[in-house]
Amino acid sequence: MDPISARLRARHPQRIDLSLDRMRALCAALGDPQDRLPPVVHVAGTNGKGSTVAFLRAMAEAAGLRVHAYTSPHLVRFNERIRLAGRLIEDDQLNEILDRIEAVSGQATVFESTTAAAFLAMSETPADLAIIEVGLGGVLDATNVIERPLVSVIAPVDLDHAEFLGTDLAAIAGEKAGVLKAGAPGVIARQDPAAMAAIERTAATVGAPLTVMGTDFDAWPEIGGLAFQSTERFLDLPAPALAGEHQYDNAGLAVATALELDLPEAAIAEGLKTAAWPARLQRLTTGPYGAAAKAAGTELWLDGGHNPHAGRALAAFLAARQARAPMPLALITGMLANKDAGGFFEALRGTGAHVLTVGFDGAAAEPAALAAVARGHGLGAMAAGSVQEALDRALAWGAGRVVICGSLYLAGEVLSASRETWPG
């Protein structure tokens, strides 16, 4: 565990307790830094939030803007969560800000303290734009003390964090729609009809005008690039730098948001080509795992998706890849114990992959139990003692394509093995 994470865990409750009372009190004690941010783009949703933020940040920076960004969770270092005018926050600055927060924080949770630290640092560092990703939900998420966003964005809504948000998709969408604010345009990804209806009800209640993918704009792959069509214009753009066909929707959402910000087309195109977001179908060719796979002539991918929606996106990516170049396929999978492993594996049932399950530090599912779930959904599966052991087995079997998947925490452990594999 990196030193900043260890500090926060030692000094603040680690529970998830969705309430804004503590956060409002903490911000008030700090002088309400959330009201002194640059113009804010507030991004909610279940899947695709981080990728959308990455695309949008790259577009804004290509336009010459200084951009703050707040995302979660981190993969290797806590500092990844807070980017100030294009650079990760330094340890000295972060520790000084945490000193100030801890002097007034009371019982603020780790995420509340983290969010307050981001807002305080961003309020004291000049920038032109702040892109803020919701942590969990929307209505009661710590980031939702932001009352006047410039634009609100809702990425695809699906089932996740059931213990906090429940399993009613319309209700979950209603929670996510809490980022919509009076007068601020909302840019909405393609949604399940029940989710969309809930978002529209909230928008009507608060008075937020919506621009909706599939109705007011759309994006799709075309001739090696991305075609974007809105009611007002057509853009012929480069393909997104992030792998997977689902990234065309995430990129399209970012393009629509960039147009709300009046970013020039050249900057939008450049951002699509240069966006980077680790552990989202990231090809590993360096580091100990990537080097071993490369030496064996095997493709190695890393993906942190951890719910059924992410499983479907991974399955679609693998189906397209296998159609072009069929190879024996292996998944090295670890998941948190509270995730819907059955839904994740069901989405991957048709891939024909063999699954090797692994554990990782934290509240991971027990590998043998996880393998049993995979077998229950029609996949051959067995437990392994580590990622290295699982990869060695897959290579020994002759797997030509291997994906390490199922958890951002597992992805972080993989990336931490080599500084070459992650940015920051």
Side-chain angles (χ1 to χ4, degrees), residues 45-52 73 75 155-163 165 167 169 172-173 189-192 195 242-250 277-283 299-323 327 329-360 363-367 369-383 387 390 394 399 401-412 414:
T46 304
N47 290 297
K49 299 191 302 293
S51 296
T52 301
L75 294 170
V157 174
D158 210 281
L159 302 178
D160 199 4
H161 300 290
E163 68 274 35
L165 302 178
T167 56
L169 191 59
I172 293 170
R190 208 182 315 275
Q191 304 287 350
D192 176 275
L242 304 183
E245 192 153 325
H246 61 288
Q247 292 293 0
Y248 283 83
D249 272 8
N250 294 334
W277 195 229
R280 281 74 177 180
L281 286 173
Q282 177 183 356
R283 181 78 179 268
E299 287 183 14
L300 180 63
W301 298 84
L302 179 67
D303 190 65
H306 48 261
N307 55 38
H309 185 273
R312 293 191 292 273
L314 176 57
F317 168 77
L318 290 173
R321 201 104 186 146
Q322 292 287 91
M327 297 179 184
L329 176 64
L331 306 179
I332 299 172
T333 307
M335 301 187 77
L336 289 172
N338 63 353
K339 296 302 179 183
D340 180 6
F344 183 79
F345 287 126
E346 181 62 30
L348 292 156
R349 178 193 285 267
T351 62
H354 189 86
V355 179
L356 291 150
T357 56
V358 296
F360 50 87
E366 201 279 320
L370 192 60
V373 174
R375 288 193 296 270
H377 289 270
L379 295 164
M382 62 187 301
V387 172
R401 185 167 288 130
V402 178
V403 184
I404 304 171
C405 59
S407 171
L408 286 169
Y409 296 95
L410 173 63
V414 170

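Q282 CD to L300 CG: the interatomic distance, rounded to the nearest 0.5 Å, is 9.5 Å. Taken from CD in E299 to CZ in R283, the straight-line distance is 4.5 Å, to the nearest 0.5 Å. Taken from CG in L318 to CE in M327, the straight-line distance is 12.0 Å, to the nearest 0.5 Å. A distance of 10.0 Å separates CZ of F345 from OG1 of T351, quoted to the nearest 0.5 Å. Interatomic distance, NE2 of H309 versus CG of D340, reported as 13.5 Å (0.5 Å rounding). Put simply, CG on L356 and CE on M382 are 6.5 Å apart, with the number rounded to the nearest 0.5 Å.
For F360, there are no ring-ring contact (aromatic ring centres under 6.0 Å, His included) partners at least two apart in sequence or on another chain. E366 pairs by the side chain to side chain donor-acceptor pair (under 3.5 Å) definition with nothing, not counting sequence neighbours. With sequence neighbours excluded, the residues forming a side chain to side chain donor-acceptor pair (under 3.5 Å) with R349 are E346, listed by chain and number. Every residue two or more places apart in sequence or in another chain that forms a salt bridge (Lys or Arg N to Asp or Glu O under 4.0 Å) with R190 is listed here: D218, D249. For D303, there are no side chain to side chain donor-acceptor pair (under 3.5 Å) partners, not counting sequence neighbours. Here H377 pairs with nothing under the ring-ring contact (aromatic ring centres under 6.0 Å, His included) rule; sequence neighbours left out.
Listed here is the closest heavy atom pair of L408 and A279: CD2-CB, 4.4 Å. When all heavy atoms of A394 and A330 are compared, the pair lying nearest together is CB-CB, 4.0 Å. Between V402 and A399, the shortest heavy-atom distance links the atoms CG2-CB, 3.9 Å.
R321 places none of its side-chain heavy atoms less than 4.5 Å from the side chain of L329. F344 is listed as a side-chain neighbour of L348, based on a closest heavy-atom distance under 4.5 Å.
No donor-acceptor pair closer than 3.5 Å links the side chain of Q247 to the backbone N or O of T52.
A donor-acceptor contact closer than 3.5 angstrom links the side chains of N307 and N47.
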Applying side-chain contact (heavy atoms from CB on, under 4.5 Å), run through L410 and T333 and close with a yes or a no. CA-CA 8 Å; L410 173 63; T333 307; over 6 Å; no
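When the shell of 6.0 Å around OH of Y248 is examined, it contains more than 12 heavy atoms from other residues, nucleotides or ligands.
Tested against L370 for a side-chain contact (heavy atoms from CB on, under 4.5 Å), the candidates T357, V358, V355 yield a single pass: T357.
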